[in-house]
Amino acid sequence: MTLSYDDAKQALQQNDQEHILGFWDPLSEQEREALLEQITTLDFDSIKRMKTMLAARNEDGLPFDPETKPAPVVEPTDADLAEYCPLGEEQLRAGKVGVILVAGGQGSRLGFDGPKGAYGVAPITNATLFEIHSRKILNMERRYNTTIPFYIMTSDVNDAATRDFFTKHDYFGLDSANVKFFTQGMWPVLDPDGRIIMDQPGHVFMSPDGHGGTVTALQRTGMLADMATRGVETLFFFQVDNPLVEIADPLFIGLHAANKADISIKVCAKRDASEGLGIVATCGGKCMIIEYSDMPDDQQEALAEDGRLKFLYGSVAIHIFDRAFLEQEAAAALPLHIAHKKVPFCAKDGSTVRPEEPNAYKFEKFIFDVIPDAATALNVSFDRAEEFSPLKNAEGNDSPETVARDLTLKHARWLEAAGIAIPRDEDGLPTIKVEIDPCYANSAEEVAKRLPDGFSINGDVLLKDEE
Ligand code: UTP
């Protein structure tokens, strides 16, 4: 229930945030109601944690524990593929697998006006990230004659636009009853003195609580209950920005099941010591991911006996969770991560100012902070050229250009494996564009099976499923 003015004032006073009512008098009735509603949603326990963290922000980050060791990593062999893939396929056929996509971020580096998933990335058709992900799921549903519920996390920033996009595109062929949107939590940002920032006289500026907000959001919105009703036990988790991701990969699912893991983590070898991936490590018997910025330089650069980096494997936020583990973690207070950002604020005269310099501290929860709570966490390595090329920036690394290149390269390799020669330049890059609709084929084997007899190329190659 929405707080009354008096109750709101009392709660704010108790938390040193009474400035939020500073513009009350000139507000319209409607604005007052909206502001009281916002105050009602403020989670003062979390805000207290934010203020404590802010006060300590000049201290060094967490000390690096010298007992920290690289976590064991399974590097799957052909024998593993033969043994564990059927186990994963069995789970898929039995309808025990669901998919969680986190798409609540603001995509500020890309600078695209809309949800990042609505960004066109495919080299020929400009198919969007949402289309590519959805059609991979559709392919799996057809292949295993099953249903794979698709849980998509949005935030207030992009929820309506995301739902509209799926409706406009008829859910890309998926059954809308199995596509569930849920919104993550939002919370305020603080100024350097720990005061909540308003962006208008009657409005608190709110920001998404990070992809770590997924777990509580799944519970709050009834998605964990939906999974239980459907008999879904295994959840494949991924981020919206990676069109190469192998969604619900049966080998990964099989390994997770065989090891009875609470969480499994796909990891890849870092390109070099300076690459900013969080590394997988163990300390005190627990598995964890340590952020790049929390690793001392000498540890980042340390070499193992085989000459490779000692802390070689990094996480790209592709996971499998057991539903029971997610249920357990829904009540966990994950640590907060802090970032200094530019945020619009309400000046003394009531106008909104867009600062040139960072003025605010934003807090986020990260999904990988649940890992130390897992009784069993399994790290599985993969080939990044096959499965990882994220869209982060408008240009340069991890941009539309590199994503389209990597999609073309992956699909070119599939065609080459099927005996089709693809022209390449001296740098090894295809001189034509290649695009394969995930419903036409989603692996080299499937391409080989579906290509018509006598298939030959003559310019760009687009293979599309017309069903
Ligand atoms: P990033 O941290 O790369 O953020 O998110 P972003 O929003 O895509 O881009 P920038 O940093 O603003 O440029 C990685 C993944 O986590 C999701 C994003 O949607 C993306 O899939 N995410 C991030 C959320 O779902 N919620 C959040 O609060 C933050």
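Ligands are counted one by one from 1 in listed order, and the atoms in each one are counted from 1 as well.
Between Ser134 and Tyr171 the shortest side-chain heavy-atom distance does not fall below 4.5 Å. A 4.5 Å side-chain heavy-atom check between Lys266 and His319 finds every atom pair outside the cut-off. Between Leu326 and Ile100, the closest side-chain pair of non-hydrogen atoms falls below 4.5 Å.
For ligand 1, one of its N or O atoms has an N or O atom of Lys116 under 3.5 Å away. The shortest N or O to N or O distance between Met153 and ligand 1 is not under 3.5 Å.
Of all the heavy atoms of Ser108, the ones lying under 4.0 Å from any atom of ligand 1 are found in both the backbone and the side chain.
Checked against the 6.0 Å centroid criterion, the rings of Phe166 and Phe181 qualify as a close aromatic pair. Between Phe172 and His133, a ring centre-to-centre spacing not shorter than 6.0 Å is recorded.
A donor-acceptor pair shorter than 3.5 Å cannot be found between the side chains of Glu75 and Ser381.
Ligand-side atoms of ligand 1 in range of Gln239: 14 (C), 15 (C), 16 (O), 21 (O), range being under 4.0 angstrom from any heavy atom.
For atom 9 (O) of ligand 1, the nearest non-hydrogen atom from the set Gly107, Ser155, Gly105 comes from Gly107. Residue nearest to atom 13 (O) of ligand 1, selected from Lys362, Arg109, Met186, Gln184: Arg109 (by heavy-atom distance).
With respect to atom 3 (O) of ligand 1, the closest heavy atom belonging to the protein is Lys392 NZ, 2.7 Å. Scanning all protein heavy atoms for the shortest distance to atom 21 (O) of ligand 1 gives Val102 O, 2.7 Å. Gly104 N, 2.8 Å is the protein heavy atom nearest to atom 25 (O) of ligand 1. The single protein non-hydrogen atom nearest to atom 16 (O) of ligand 1 is His211 CD2, 3.4 Å, given as residue, atom name and distance.
By the side-chain hydrogen bond (donor to acceptor under 3.5 Å, both in side chains) test, Gln184 is found to be paired with Asp209, residues two or more places apart in sequence or in another chain being considered.
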